[in-house]
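Just so it is clear, the model here is predicted, and its values are computed rather than measured.
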Amino acid sequence: MNCHRCHGCMVRDHFVDLQESGGEWWTTTWRCINCGYVLDAVLERNRRKQQSAHVVLSAAAVSQDPHAGEELAELDSAA
């Protein structure tokens, strides 16, 4: 399995649930040996929430900026 971040080698690793969420104390997930990226369902869900919130905030900032359309038009004409 390859890492989503750096395309390095992923290995199975064991982690301890320090929050005592009521489930198992130990969990097994995938971890990249190059960059340390951890592939876990809870972490992925939180990353997606954070990314979608960032996109919404960025879109709101652009819609409130009166000069944002001009900058985008300049970028399109330059390309």
Side-chain angles (χ1 to χ4, degrees):
M1 180 173 198
N2 291 334
C3 177
H4 297 293
R5 251 196 213 160
C6 72
H7 305 288
C9 182
M10 300 285 282
V11 295
R12 300 284 283 169
D13 203 352
H14 303 282
F15 294 91
V16 178
D17 181 8
L18 296 176
Q19 296 291 326
E20 300 179 34
S21 61
E24 292 290 324
W25 275 67
W26 288 92
T27 183
T28 304
T29 60
W30 291 94
R31 181 183 54 84
C32 178
I33 60 174
N34 291 337
C35 70
Y37 178 79
V38 176
L39 182 63
D40 179 64
V42 174
L43 292 175
E44 286 300 315
R45 191 175 327 120
N46 291 337
R47 286 179 184 136
R48 287 188 184 121
K49 282 182 187 177
Q50 184 178 15
Q51 287 173 349
S52 65
H54 179 70
V55 169
V56 168
L57 290 174
S58 296
V62 168
S63 67
Q64 292 176 358
D65 185 2
H67 302 291
E70 297 168 7
E71 293 170 1
L72 293 175
E74 289 175 12
L75 289 174
D76 287 338
S77 65

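Of all heavy-atom pairs spanning Asn34 and Gly8, the tightest one is ND2-CA, 3.0 Å.
With sequence neighbours excluded, the residues forming a side-chain hydrogen bond (donor to acceptor under 3.5 Å, both in side chains) with Thr28 are His14, listed by chain and number.
In this structure, Leu39 belongs to a hydrophobic cluster whose other members, linked by side-chain heavy atoms under 4.5 Å apart, are Met1, Met10, Trp30, Tyr37. Through direct or indirect side-chain contacts shorter than 4.5 Å among Ile, Leu, Val, Met, Phe, Trp and Tyr, Val11 is connected to Ile33. With a 4.5 Å cut-off between side-chain heavy atoms of Ile, Leu, Val, Met, Phe, Trp and Tyr, the cluster of Phe15 takes in Val38, Leu43.
Cys32 has its side chain out of reach of Cys9: every pair of non-hydrogen atoms, C-beta onward, lies at least 4.5 Å apart.
Residues in residues 25-44 take part in these salt bridge (charged side-chain N to carboxylate O under 4.0 Å, His left out) pairs, two or more places apart or across chains: Asp13-Arg31, Glu44-Arg47. For the side-chain hydrogen bond (donor to acceptor under 3.5 Å, both in side chains) condition, no pair includes a residue of residues 1-12, sequence neighbours left out.
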